[in-house]
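One structure is given below, encoded as structure tokens.
Fair warning: this is a prediction, and the values are worked out from it, not measured in the lab.
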Amino acid sequence: MASSTSLAALSLDDFEARSGSATSIIRTITGLYIRHEKSPVARTRIVELAQAAGVSVPAAQTAISRLIDRGVLEAGQPSTLGVPSAAQQMFERGTRRIFTPRQMSDADLWCLVAYSLPESLRSVRHQVRKHFLQLGGGMLGSGLWIFPEYLREEATAVLMALGAREHATLFTAQQPHFPGTPRQAASAWWDLERLAALHQAFLVNTNSLDASDSTPSSAYRGYVAMVDSWRVLPYLDPGLPGSMLPVHWPGNDSRERFLTLSSAFKEPALHFARSLLAS
């Protein structure tokens, strides 16, 4: 079984938080900037970063307390905050997913995960299903899941963290032979309607952002808002090949917008955040 820290890091993932809320915004700021600081950060500095992202002081103070309770932030002395080890692991895993969105081609490999858990691990079954869904897995049947092969290591990490690895076998497959069309299979194995709605929401939320407005303060506010709206999508959406998706799939537009705005905003936003942290 993986270490308790690994399981703690896994449990810190939050896919239900409302993007744009004070708690979600400060969580995003923590992942983007606070976790990279070598020393604990004054609580007042985090409040200033939140204010610059459009969060009021009272809302920021409440959100910080919630994130401390959830283990995303850790209170220090005097009036400083750090990022505990489990949260660091969670953010590191998120960085790989969030900022390098991947898209399968028809030639890419698949990973099948088959498992049968004994009665002694009955309570783990729900956790496996929950985390496999949050990784972008498709459910073929009871105890059988499908992922793009590039998610194999993450699926394995989930099984290890939950103590279920010895009860699972992973297969690498080249070409599924679908019972119907590829699009019919994808609709049966993944909740494409929900994924499409999330992509549409991201496009709506970022519609007013202007990539040409790269002044540090504007870039910072736009970048934080964009990443906050985007960060769940690369987990839930596995990046299926175009042949398995509806013709007018909004994920193509949302991924392109994310990459375009990231290219414009990332560096000036980082400069602005560092100036506040150093003040």
Working to the nearest 0.5 Å, report the span between NE2 of H126 and CG of L162.
11.0 Å

Examine the side chains of R66 and S21 and answer whether a donor and an acceptor come within less than 3.5 Å of each other.
no

P101 and L259, any side-chain heavy atoms less than 4.5 Å apart
yes

Compare all side-chain heavy atoms of L81 with those of V41 and state whether any distance is below 4.5 angstrom.
no

Under the ring pair (Phe, Tyr, Trp, His ring centres under 6.0 Å) test, which residues partner F272, sequence neighbours left out?
Y220

For the pair R102 and D108, evaluate side-chain contact (heavy atoms from CB on, under 4.5 Å) and give the outcome as yes or no after the intermediate values.
CA-CA 11 Å; R102 301 182 67 171; D108 284 341; over 6 Å; no

Would you compute the distance between atom CZ of F258 and atom CG of L233 and round it to the nearest 0.5 angstrom?
10.0 Å

Ignoring hydrogens, what is the shortest heavy-atom contact between L159 and A168? Give both atom names and the distance.
CD1-CB, 3.7 Å

Answer yes or no: is there a side-chain heavy-atom contact under 4.5 Å between L276 and Q51?
no

With side chains defined as the heavy atoms from C-beta onward, is the minimum distance between W249 and D237 less than 4.5 Å?
yes

Between the CG atom in D228 and the OG1 atom in T206, the distance rounded to the nearest 0.5 Å is 12.0 Å

So which heavy atom on A186 is nearest to which on M244, and how close?
CB-O, 3.2 Å

Going from OG1 on T260 to CZ on F265, what distance comes out if it is rounded to the nearest 0.5 angstrom?
10.5 Å

Nearest non-hydrogen partners of L203 and P250, listed with the distance
CD1-O, 4.1 Å

What do the steps show when you test L270 against R274 for side-chain contact (heavy atoms from CB on, under 4.5 Å), and what is the final call?
CA-CA 6 Å; L270 177 61; R274 284 178 174 171; 3.6 Å; yes

For residues L49 and I34, determine if any side-chain heavy atom of one lies less than 4.5 Å from a side-chain heavy atom of the other.
yes

Salt bridge (Lys or Arg N to Asp or Glu O under 4.0 Å) between E154 and R97: does it pass, once the steps are laid out?
CA-CA 10 Å; E154 292 190 50; R97 266 297 187 88; 3.2 Å; yes

Let me see the working for V232 and S19 under side-chain contact (heavy atoms from CB on, under 4.5 Å), right down to the final yes or no.
CA-CA 9 Å; V232 169; S19 64; over 6 Å; no

Measuring from atom CD1 of I64 to atom CD1 of I26, what distance do you get when rounded to the nearest 0.5 angstrom?
4.5 Å

State the CZ-CG distance between R183 and L245, to the nearest 0.5 angstrom.
7.5 Å

Which atom of H36 lies closest to which atom of L32, heavy atoms considered
CD2-O, 3.1 Å

Which residues share a ring pair (Phe, Tyr, Trp, His ring centres under 6.0 Å) with H167, sequence neighbours left out
none

I'd like to know whether Y223 forms a side-chain contact (heavy atoms from CB on, under 4.5 Å) with L261, so could you lay out the CA-CA distance, the side-chain angles of the two residues, the decisive distance to 0.1 Å, and finally the verdict.
CA-CA 7 Å; Y223 189 59; L261 292 174; over 6 Å; no

Tell me the closest heavy-atom pair linking W230 and I98, and the distance in Å.
NE1-O, 3.1 Å

Heavy-atom check, side chain of Y235 versus side chain of L151, under 4.5 Å
no

Would you find more than 12 non-hydrogen atoms of other residues, nucleotides or ligands less than 6.0 Å from R129 atom CZ?
no

State, yes or no, whether a side-chain contact exists between E149 and M104 at a heavy-atom distance under 4.5 Å.
no

Is the closest side-chain heavy-atom distance between R257 and N207 below 4.5 Å?
yes

Check the side chains of R231 and S24 for a donor-acceptor pair under 3.5 angstrom, ignoring hydrogens and angles.
yes

Correct closest heavy-atom pair for V83 and R35 would be CG2-CA, 3.7 Å

Taking distance alone, no hydrogens or angles, what donor-acceptor pairs closer than 3.5 Å link side-chain atoms of residues 109-121 to residues at least two apart or in another chain?
from: Y115; atom 1: OH; to: W145; atom 2: NE1; distance (Å): 3.3
from: E119; atom 1: OE2; to: R122; atom 2: NH1; distance (Å): 3.3

